[in-house]
Amino acid sequence: MVQLLVFLPLITALIAGLGGRIIGKVPAKLLTTAGLFTSAALSWVVFVQIGLGGGAAYSIHLLDWMESGDLVIDWALKIDTLTAVMLVVVTTVSALVHLYSWGYMDEDPDQSRFFAYLSLFTFAMLMLVTADNLVQMFFGWEGVGLASYLLIGFWYHKPSANAAAIKAFVVNRVGDFGFSLGIFGTFLVFKTVNLDAILTAAPGMTGATFMFLGHQVDVMTTLCLLLFVGAMGKSAQLGLHTWLPDAMEGPTPVSALIHAATMVTAGVFMVCRLSPMFETSATALTVVTYVGAATALFAATVGTVQTDIKRVIAYSTCSQLGYMFFAAGVGAYGASMFHLFTHAFFKALLFLGAGSVIHAMHHEQDMRYYGGLRKHIPLTFAAMTIGTLALTGFFFTAGYYSKDAILEAAFARGTEAGYVAFTVGAFAAFLTSFYSWRLAFLTFFGKPRWSGSEHIQHAAHGDHGHDDHAHDAHDAHGHGHDDGTAGYHPHESPWTMLLPLGVLSVGALLAGWAFHNQFVGAEHGVDFWRGSVAFNVELMERMHHVPAWVVWTPAIVMALGFLLAFQMYMRDRTGPARFVATFPGLYNFLVHKWYFDELYNFVFVRPAFAIGRFLWKRGDQGVIDRFGPDGVAAAVVSGAGVAKRFQSGFVYSYALVMLVGVAAAVTWFLPRVIGGQ
């Protein structure tokens, strides 16, 4: 059953990708979608058996993979509660995204290729989460990176999509380099890459050091930080986050699958999988805590000024990943995975809901050209409202249980890093509520502002071509026109898009209530996780006994964020413009995303291009080509030019050359002959 679950997406991807033109796009879509729904059903069976049913963890040996000296690597599938949770998340969201894509990608001519890429990505993600050893995990890690590159750049005719795909690939290589160094170092220390062996031996390495540049350096801290660099790249943490917003150039289903629910959570999964290693280094956990808290704050601040509906949700994803990391950093791995689990439902719901809005608005993504859509697409409005409630942590939704658990665990940890994470997390929750309701109000409320959009103008005049991302210049928080565009009326999405929204809405409402005792309960948590993560029972008990003001803080900041958004975007719509006029420096700082892209362009990109141009002009062309192939070729041409002068076609010329040759030979030989006598 497990082998079928894992390899079925690969089989369907190969058939759809290599034979899509032969079997046709509809059979290719049907095959890949059916394969994912089958895998999803089997994943829930595994989750019930292993997670909820208390079944024992096990490994399935598939084949002997590599052997070189002490390095022995098997290809095996590791099945425990942590794996079962990720199987449910990956396959469920992927299956719903496949179904959703039937409607969203209906007019695209390359649907077979798109569905093949989706299934290929899912297979790579399944290889990552079922990995029995670090090398196998790295195989899945790189596989999802490749599939992400293919999916982000799916519309390869768009230069912006190609640039975004390359940016994602290059930035992730930085993180992957750190991850690979961590794997090398782990093998050097433990003489194995098998996860069970490493995690069993890790506590015995606590306090071990090695000499580096004249200093004693902690072994486990070094290994954990190197591995965490990989997690930072894949999960878009501060410093290696710049690729995630640009990745919105891919089709919206890609954003929902990769950049909300699955690939970007791979770093969180890896830290939780290796939690016994991280528990041996307080320094590494502190770094994880501060990086996660800083990311949550950074992304939340930037999300407040974005106008592209998908980029708002993308920065929200980045912020929520920060929550997951600082939860792991304070030792609440169960809470981290709980938020990963619930976040998959409501964030995929928001992305797919945004896709439904974009579909209704003829591919317009700028919220400044929306308004009044709740009357035209009521089902999408209901689904996105549910997703917004869950994201902001409204009472008894999924986010209410998981986000509150993270904040309470950070406070209960009792360390300086924990208190900082709690404070930053509470402020980020306030900003989350603000930008989430800002999105809802700009999109679904107020008067229509559609006439300012070129996309809608094209639709109103009967031009239904695929025109992506061509937005007009507009003021910072401009209001556009308050009249609708004659001849165009937004329409609700087809059932293939609405059905996944309904299923995800149920998850966004009930996933937290249904599973919070298993994930973070002090009593049930140990039986649920059964050693698949380092579950701190004492911390979970303290988490449930924090002061009342700590418990109420998330609800208070959520309400304040809602009220601020309501005031600025419903009651007094001039408020945003006044804020920009009063604080232009702060606004520009946030609009330019803390100037990370500009900084990286100045520090890395421009010098790299300058070095490349120098080596190209001076090195390659000026030295190698000049004195190498070009120089040899020029010498041959010059020699041939001289030689052809003697090819006159006259007999007396050839006789003269022969005579000169004979005279030269005699002149060279005669002295030697005489000297020899």
Side-chain angles (χ1 to χ4, degrees), residues 1-13 30-62 75-100 118-132 136 140 195 257 261-262 265-266 269 272-273 334 337-338 340-345 348 398 499-500 502-519 521 524-533:
M1 179 178 67
V2 174
Q3 293 95 315
L4 178 64
L5 183 165
V6 171
F7 288 100
L8 191 57
L10 175 62
I11 296 171
T12 58
L30 184 62
L31 181 67
T32 52
T33 305
L36 258 299
F37 272 95
T38 302
S39 292
L42 296 176
S43 296
W44 279 99
V45 172
V46 172
F47 179 70
V48 171
Q49 290 178 344
I50 301 296
L52 303 181
Y58 57 91
S59 293
I60 302 174
H61 182 272
L62 299 179
W75 195 295
L77 306 178
K78 180 179 178 63
I79 307 299
D80 58 9
T81 301
L82 183 60
T83 302
V85 170
M86 292 301 297
L87 289 177
V88 165
V89 169
V90 172
T91 58
T92 301
V93 174
S94 182
L96 294 173
V97 166
H98 273 72
L99 179 60
Y100 179 92
L118 287 182
S119 292
L120 178 64
F121 166 81
T122 306
F123 165 72
M125 194 69 197
L126 292 176
M127 292 308 315
L128 191 159
V129 302
T130 60
D132 182 70
Q136 188 178 334
L195 288 172
L257 176 62
T262 54
T265 62
F269 164 79
C272 291
R273 171 62 82 194
M337 288 302 302
F338 189 29
L340 185 156
F341 181 77
T342 61
H343 176 266
F345 290 102
L499 181 59
V503 175
L504 291 170
S505 295
V506 174
L509 288 173
L510 301 179
W513 169 80
F515 298 109
H516 71 278
N517 284 329
Q518 285 76 16
F519 279 85
H524 299 89
V526 175
D527 294 333
F528 177 74
W529 291 110
R530 288 194 303 284
S532 58
V533 299

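Because only heavy atoms are used, hydrogens play no part in the values below, and waters and symmetry mates are left out as well, while side chains stay in.
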If every non-hydrogen atom of V88 is compared with every non-hydrogen atom of S43, which pair is closest and at what distance?
CG2-O, 3.7 Å

Would a distance-only check, ignoring hydrogens and angles, find a side-chain to backbone donor-acceptor pair under 3.5 Å from T83 to K78?
yes

Measure the CD-OG1 distance between Q49 and T81 for me, rounded to the nearest 0.5 Å.
12.0 Å

About how many Å separate OG1 of T92 and CH2 of W44, when rounded to the nearest 0.5 Å?
5.5 Å

Any non-hydrogen side-chain atom of V97 less than 4.5 Å from a side-chain atom of P500?
no

Does any part of the side chain of V85, heavy atoms only, come nearer than 4.5 Å to the side chain of F269, both counted from C-beta?
no

How many angstroms lie between CG in L31 and CG in L8, if you round to the nearest 0.5 Å?
8.0 Å

Say you draw a straight line from CG of L509 to CZ of F345; how long is it, rounded to the nearest 0.5 Å?
11.5 Å

Has the side chain of R530 got a donor or acceptor atom that lies under 3.5 Å from a matching backbone atom of A57?
no

Closest non-hydrogen atoms of M125 and A266, given as atom of the first, atom of the second and distance, are CE-CB, 4.0 Å

How far apart are the closest heavy atoms of A511 and F341, and which atoms are they?
CB-CE2, 4.1 Å

Residue pair V89 / H343, side-chain heavy-atom distance below 4.5 Å
no

Decide if the gap between the ring center of F47 and the ring center of F515 is smaller than 6.0 angstrom.
yes

With W513, which residues qualify under ring pair (Phe, Tyr, Trp, His ring centres under 6.0 Å), at least two apart?
none

Which pair of heavy atoms, one from V2 and one from L77, lies closest together, and at what distance?
CG1-CD1, 3.8 Å

Distance check, rounded to the nearest 0.5 Å: T122 atom OG1 versus L257 atom CG?
5.5 Å

Tell me the closest heavy-atom pair linking A56 and I50, and the distance in Å.
O-CD1, 3.5 Å

Between M86 and L340, is any pair of side-chain heavy atoms under 4.5 Å apart?
yes

So, Q518 side chain and L52 main chain: donor-acceptor pair closer than 3.5 Å or not?
no

Quick one, L118 and S94 - any side-chain contact, counting heavy atoms below 4.5 Å?
no

Please round to the nearest 0.5 Å and tell me the distance separating atom CG of N517 and atom CG of D527.
12.0 Å

Are any of the side-chain heavy atoms of R273 and D80 separated by less than 4.5 Å?
yes

So L87 and T130, do their side chains get closer than 4.5 Å, heavy atoms only?
yes

Determine yes or no for a side-chain-to-main-chain donor-acceptor pair under 3.5 angstrom, with W529 supplying the side chain and L82 the backbone.
no

Does some side-chain heavy atom of Y100 sit less than 4.5 Å from a side-chain heavy atom of L504?
no

Looking only at non-hydrogen atoms, find the nearest pair between S119 and A13 and report the distance.
CB-CB, 3.7 Å

Test item: S39 side-chain N/O and T91 main-chain N/O as donor-acceptor pair under 3.5 Å
no

